[in-house]
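Here's the structure, in structure tokens; my notes come after.
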Amino acid sequence: MRITPKGSFILPVTALVAAGNSGNAATASDCKDSDADERLNIVYIMTDDHTSQAMSCYDKRYINTPNLDRIAERGVRFTNSFVANSLSGPSRACMLTGKHSHKNGFTDNTTCVLDASQPTFPRYLKDSGYETALFGKWHLESLPQGFSRWEIVPGQGDYYNPRFIEMTGDTIVRHGYLTHLITDRSIDWLENERDREKPFCLLIHHKAIHRNWMADTADLELFEDRQFALPENFYDDYAGRRAAGEQEMSIGSAHDMDVIYDLKMYRPEEESRLKSTYEAFVGRMDPEQKARWDEFYNPIIERYYNDKLTGRELAEWKFQRYMKDYLKVVKSLDDNVGRVLDYLEKNDLLKNTLVVYTSDQGFYMGEHGWFDKRFMYEESFRTPLVMMLPEGFDRRGDIGEMVQNIDYAPTFLELAGLDVPSDIQGVSLMPLLRGEHPSDWRETLYYHFYEYPAEHMVKRHYGVRDGRYKLIHFYNDLDQWELYDLESDPTEMNNIFGKPGTEEVTRSMMRKLRQAQEQYDDPIRYAYPIKD
Ligand code: SGN
Ligand code: CA
């Protein structure tokens, strides 16, 4: 059985006809009688906190990422790609289920456990005859379901000599750097473990580029000669944006960005809030790794404590160190993505494999003075998304339609020739990959962030974004509306909500918000202060 980009079928179609008639995703038995199952493979690579400012096919200011760029060059780059809830666990749940957080039940990292028995795209694919595998970060508290094979890191994972939880429930420790190890494990599965009679869907989930940005010892020297320009709004005063002023994710703040934990300025006699967490991470290193680490950091530590910087000088020094550490971790990720692409190429798999690269959300690289994510502002609402397309898909270059991580599940189901269940809220991207420009494509995106009170103290909020405007409502312990004109104010510094002359656009955005909350059936709705 083989599916063409146009969605028509070559060879036996028993499974697909069955799926089409039932209105549900096909089941394993549907495929039993078919000849070789030649449906397309999927390699889905997702990183953590990798933002498009640090990916050269999106932004050339900071780093060259030749391997990630290869994906875009031989396929497509989505220029308007967003998440539904900018946080790891929630993003992963949206991506797996194709549903917003209030429907999949995983609204925040701190209180939720994923009901992993609910339908997900890996489960649908597996039931229809795919080999499905997941390696790396999972972060959904319960154990994965719907995979032929998985091996995950507990919680956030460790950069050095990390623990892995195996399918047996045993925890093992592997020696080395996590990004390499997840890649090794994934390639090993492709080469030695998968059932070659079946199409496969492989999910490679990296911890990189997550805090606290610990580089591989081989990459420590990189970027040390670079001086990065401060973003224009690094010294944002948050005027007119109360929630933005009350967060705890400021690079300049000693509490929020910890010089020991985040920037590795460790000395036994110095204290900080996250010192013991840093000690635990560094404590995982073997003597050789630790010696190389110390050899690199000791002179920087020496200078840091001698210089005794304060105020803006200190904030800018922290920004430079943050950028360097983050980019070193990106470099190793890019190398490892290259290893996967090389493997697929050498084994002639690119012709029948869709390769997807994305992150669980974007991140702040000093914009508004921040690191971290969570806000519906552009840097963290967006996420990179590039795809290398299998033979027969001629679409190349940029896709500008607004897409969201709830769209991945229906895309993969359609790619596999399965019907998209009606309770999935995302929309298949397949028409876009085929080069179509559907006239009824969504014009509004819906977003909802729940994790408050919690680390970084970003208030709960929901909102809508269309091609030009964004309306946000911060709620719970405050009641504040924000409205941005992204055309005249792309960095979202000027909240125009309630300003004279904005009445009409406010009414229109309120209408869009109400429609989105009704369409997605979000039970958390407050009174809309402006009616039609
Ligand atoms: C950890 C980090 C936070 C980060 C969250 C969520 N703190 O708690 O800085 O915002 O993860 O990130 S740390 O001290 O443990 O590094 S997420 O991407 O997993 O959602
Ligand atoms: Ca993340």
Side-chain angles (χ1 to χ4, degrees), residues 45-55 81-96 101 106-114 136-141 152-160 162 178-179 182 205-214 247-251 253-264 266 272-282 284 318 322 325-326 329-330 333 357-365 370-377 379-385 405 448-459:
I45 308 174
M46 180 164 68
T47 40
D48 200 318
D49 295 358
H50 186 202
T51 193
S52 52
Q53 298 95 299
M55 189 163 159
S81 154
F82 298 84
V83 295
N85 182 354
S86 184
L87 201 62
S88 167
S91 248
R92 288 158 207 273
C94 289
M95 173 285 271
L96 289 165
S101 305
F106 201 101
T107 51
D108 65 74
N109 282 341
T110 44
T111 66
C112 298
V113 176
L114 183 77
K137 183 172 174 181
W138 171 248
H139 205 204
L140 289 165
E141 303 305 323
I152 57 171
V153 298
Q156 295 285 8
D158 319 300
Y159 275 115
Y160 277 89
L178 184 56
T179 310
I182 292 172
H205 286 194
H206 288 284
K207 170 193 175 74
I209 331 297
H210 195 274
R211 195 181 180 192
N212 64 339
W213 319 293
M214 288 174 76
Q247 47 56 47
E248 294 183 356
M249 46 192 254
S250 155
I251 292 175
S253 152
H255 171 274
D256 305 354
M257 182 174 273
D258 188 304
V259 285
I260 291 180
Y261 172 69
D262 288 307
L263 304 179
K264 295 90 185 169
Y266 181 79
S272 79
R273 188 170 67 92
L274 297 172
K275 179 184 177 188
S276 60
T277 317
Y278 181 73
E279 285 171 334
F281 286 167
V282 172
R284 303 194 64 80
K318 288 175 81 178
Y322 162 55
D325 287 357
Y326 184 99
V329 180
V330 175
L333 180 271
Y357 178 82
T358 187
S359 172
D360 63 347
Q361 24 45 220
F363 213 67
Y364 295 91
M365 304 303 297
W370 296 337
F371 64 106
D372 215 66
K373 52 263 179 176
R374 297 159 192 268
F375 279 105
M376 195 193 169
Y377 302 136
E379 291 84 354
S380 48
F381 185 20
R382 286 178 177 273
T383 198
L385 179 64
N405 55 351
H448 198 152
F449 175 82
Y450 302 76
E451 195 180 83
Y452 181 90
E455 197 175 3
H456 302 303
M457 299 300 273
V458 174
K459 309 281 187 185

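The figures that follow rest on heavy atoms only: side chains count, while hydrogens, waters and symmetry mates do not. One is the number of the first residue; the rest follow in order along the sequence. Indexing begins at 1, ligand by ligand and atom by atom, following the structure's order.
Side-chain atoms of N405 do not come within 3.5 Å of backbone N or O of M95 as any donor-acceptor pair.
Of all protein N/O/S atoms, those under 3.0 Å from the Ca ion (ligand 2) are D48 OD1, D49 OD1, D360 OD1, D360 OD2, Q361 OE1, and waters are not counted.
Residues S86 and F375 have side chains not in contact (no heavy-atom distance under 4.5 Å, counting atoms from C-beta outward). Side-chain contact between K137 and S88 is present, with at least one heavy-atom pair separated by less than 4.5 Å.
With ring centers used as reference points, F363 lies 6.0 Å or more from H210.
Contacts of H139 classified as ring-ring contact (aromatic ring centres under 6.0 Å, His included), with partners at least two apart in sequence or in another chain: none. With sequence neighbours excluded, the residues forming a ring-ring contact (aromatic ring centres under 6.0 Å, His included) with F381 are F82, Y447, listed by chain and number.
Residue-level contacts of ligand 1 at the 4.0 Å heavy-atom threshold are D48, D49, L87, S88, N109, K137, H139, Q156, H210, R211, Y261, D360, Q361, D372, K373, R374, E455, H456.
Note that K264 lies outside the cation-pi zone of Y278, set by a 6.0 Å cut-off to the ring centre and a 45° limit from the axis.
The side chain to side chain donor-acceptor pair (under 3.5 Å) test with R211 is passed by exactly one of D258, D48, D262: D262. When each of E451, E455, H456 is tested with R374 by the rule side chain to side chain donor-acceptor pair (under 3.5 Å), just one qualifies, namely E451.
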